[in-house]
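The structure appears below as structure tokens.
All residue numbers in this chain count up from 1 along the given sequence.
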Amino acid sequence: MHLKILVSAGEASGDLYASLLVAELRRSWPDAEFFGCTGPRMKAAGVRTVVDAASLAVVGLVEVVAHIPRIYGEYRKLLAAAREQKPDLAILTDSPDFHLRAARRLHALGIPVVYLVAPQAWAWRKGRLKTMRRTVRRLLCIFPFEEDFFRREGVPATYIGHPLAGLVRPSLRREEFFKKHRLAAGRPLVTVLPGSRRGEAARHLPALLDAAERLYREQAVNLVLPASANTGAAFFRAALVRERPGGSPVGVIEGESWDALAHADLALAASGTVTVEAALLGTPMVTFYKVTAPSWVMGKLLVDVPFYCMVNLIAGRAVVPELMQGQMTGESIAREARRLLGDENARAEMKAGLAEVREKLAYAGMPAPQRAAAIVQELVREIVAQKIAARKTREGQVAHVS
């Protein structure tokens with residue numbers, strides 16, 4: 001059977017996770033055809049592009065409004081391809097505003113939907129659960145507390161572990177990394193991570209640069225900012241010139257975020273996937289996030305969680321400090337950074353908490369992409385068996401009439 005599978009991801013992290021799943025599926029189905037909404041990693045995995053994932057990368061309840069016409073156009077393009085290509089299965093990854101809407105239409109077209117990376121309905125917008133119960137055949141969760149929540153709500157969910165567990169590791173030794181970037185060997189390394197999207201990075205950068213300068217004045221530290229593929233080093237270098245025309249102690253490098261995290265004594269990290277990466281690498285961190293004022297007000301009314309950072313949610317307690325919205329200032333970031341750089345007991349306590357999180361994410365020792373692929377293969381076997389049974393039923397009815 002020649003399989004056609006629609007795969008869609010709208011974020012850099014989703015692009016990575018979906019590409020890992022596609023790679024696993026290709027081991028069993030080398031002739032399968034994959035197409036959909038792709039980023040660079042899915043393209044490299046051989047998924048044919050119908051929609052470029054970069055066109056969907058917008059953050060914020062208010063910020064997204066201006067982009068709705070363009071996003072809706074991409075949505076229609078993807079659904080048109082689904083109607084034309086008639087895939088046997090759709091794998092939708094994260095980006096719930098886009099993908100839950102797509103799931104309804106795909107379900108109406110008779111295309112089974114696997115959803116990778118659960119929407120955060122446990123935190124807000126619980127109305128999404130009705131759509132998920134009706135349209136999602138399998139929900140693949142990457143955080144340990146999600147499976148029980150969704151199963152209680154009638155959604156067929158399975159925890160697969162986190163795709164980054166076992167994958168996140170440095171490519172250089174510490175001394176090699178320091179030498180490559182001309183960092184002072186005797187100084188602590190502080191890695192600055194403003195966010196993977198330009199909008200969020202631009203909001204975070206002023207406070208981070210202020211914090212970096214405060215730290216640099218008070219103690220000898222190395223400061224590096226590894227630019228994500230979405231933003232690029234040129235964006236940050238230009239931003240540093242605008243923000244600090246007299247120069248900044250922060251050095252911008254192209255990529256290498258896992259090396260920059262693994263060898264860091266401390267990370268200043270925007271709340272998101274990078275905090276999970278830091279936890280997997282055991283790197284102490286200060287987390288933060290800021291959106292526009294209207295988005296924050298709306299979010300406070302809608303979101304019901306004890307913590308904002310995923311590391312703390314997984315641990316079930318405050319393992320890492322969270323500086324959100326008005327709390328995110330250069331002074332507060334520098335204060336927390338000084339505490340963690342100077343207090344070995346605080347660092348040891350945080351590292352122990354991060355080790356607990358890492359153990360939970362590396363679920364049962366099997367890589368998450370393999371577990372996900374096994375679930376998808378099982379579902380495809382069910383679908384094929386159902387199609388064969390339906391065909392035999394139709395043939396039997398025809399024979400009976402004849």
Side-chain angles (χ1 to χ4, degrees), residues 12 54 57-60 62-63 66-67 177-257 259-261 263-272 274-275 278 285-296 321 323-342:
V58 183
V59 175
V62 176
E63 293 85 340
H67 300 272
F177 182 78
F178 271 52
K179 183 177 180 181
K180 178 179 179 180
H181 297 292
R182 300 179 181 179
L183 303 174
R187 298 182 179 183
L189 172 60
V190 177
T191 296
V192 181
L193 298 147
S196 62
R197 309 175 193 88
R198 292 189 175 189
E200 66 184 356
R203 285 193 298 274
H204 295 151
L205 206 53
L208 286 173
L209 293 179
D210 182 23
E213 288 166 0
R214 289 170 184 265
L215 286 173
Y216 193 74
R217 285 197 303 266
E218 294 162 10
Q219 67 182 104
V221 293
N222 297 296
L223 291 143
V224 298
L225 190 163
S228 71
N230 283 351
T231 51
F235 169 82
F236 285 113
R237 289 181 181 128
L240 260 61
V241 170
R242 287 194 308 272
E243 294 282 341
R244 297 294 189 273
S248 169
V250 179
V252 178
I253 62 177
E254 190 78 63
E256 301 185 67
S257 63
D259 283 282
L261 268 175
H263 303 312
D265 296 277
L266 180 69
L268 308 180
S271 184
V274 73
T275 64
M285 71 189 93
V286 177
T287 69
F288 54 83
Y289 208 82
K290 181 180 286 188
V291 293
T292 62
S295 287
W296 177 253
L323 300 173
M324 300 294 162
Q325 202 64 8
Q327 296 175 332
M328 186 206 166
T329 65
E331 182 181 2
S332 61
I333 294 170
R335 182 173 59 250
E336 290 290 348
R338 280 194 301 270
R339 179 178 66 84
L340 288 167
L341 288 171

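- What you find for Pro226 and Ala260 is that their closest heavy atoms are CG-CB, 3.9 Å.
- Closest non-hydrogen pair, Ala264 versus Thr191, comes out as CB-OG1, 3.3 Å.
- Nearest heavy atom pair, residue Gly195 against residue Ala201, reads O-CB, 4.0 Å.
- Taking a 6.0 Å sphere around OH of Tyr216, one finds it holds 12 or fewer heavy atoms contributed by other residues, nucleotides or ligands.
- For the pair Leu266 and Pro188, the minimum side-chain heavy-atom distance is 4.5 Å or more.
- With a 4.5 Å cut-off on side-chain heavy atoms, Val192 and Val224 do not count as touching.
- The aromatic ring centres of Phe288 and His204 sit less than 6.0 Å apart.
- With Arg214 contributing its side chain and Ala334 its backbone, the two residues share no donor-acceptor pair below 3.5 Å.
- No donor-acceptor distance shorter than 3.5 angstrom exists from the side chain of Ser248 to the backbone of Leu240, with no hydrogens or angles considered.
- The side-chain heavy atoms of Leu205 and Phe236, taken from C-beta on, include a pair separated by under 4.5 Å.
- Shortest non-hydrogen contact noted between Ala233 and Glu254 is CB-OE1, 3.2 Å.
- Considering CG of Leu341 and CD of Glu336, their distance stands at 11.5 Å, rounded to 0.5 Å.
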Practice prompt. Quick one: do Asp265 and Leu340 satisfy side-chain contact (heavy atoms from CB on, under 4.5 Å)? Show the steps, please.
Written response: CA-CA 9 Å; Asp265 296 277; Leu340 288 167; over 6 Å; no
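- Looking at Leu189 and Phe178, their side chains come closer than 4.5 Å, going by heavy atoms from C-beta outward.
- Between Phe177 atom CZ and His263 atom NE2 the span is 6.5 Å, to the nearest 0.5 Å.
- A donor-acceptor pair is defined here as one N or O able to donate and one able to accept, closer than 3.5 Å; such a pair exists between the side chain of Arg198 and the backbone of Thr231.
- In this structure, NZ on Lys290 lies 8.0 Å from OG1 on Thr329, to the nearest 0.5 angstrom.
- Arg338 places no side-chain N or O within 3.5 Å of a backbone atom of Leu215 that could act as its donor or acceptor partner.
- Within the 4.5 Å cutoff, the side chain of Arg339 has heavy atoms near those of the Pro321 side chain.
- Remark: the backbone N or O of Ser196 is paired with a side-chain donor or acceptor of Glu200 at under 3.5 angstrom.
- We find the OG-CE distance between Ser271 and Met285 to be 10.0 Å, quoted to the nearest 0.5 Å.
- Contact check for Val190 versus Asn222: no side-chain heavy atoms found under the 4.5 Å cut-off.
- Leu193 is not listed as a side-chain neighbour of Leu225, based on a closest heavy-atom distance of 4.5 Å or more.
- Distance check, rounded to the nearest 0.5 Å: CZ of Arg197 to CZ of Arg203 gives 9.0 Å.
- Taking the side chain as every heavy atom from C-beta outward, Arg187 and Gln219 never approach each other to under 4.5 Å.
- Taking all atoms of both residues into account, the shortest heavy-atom contact from Arg237 to Ile253 is NH2-CA, 4.4 Å.
- The minimum heavy-atom distance between Leu268 and Ala337, with the atom names listed, is CD2-CB, 4.2 Å.
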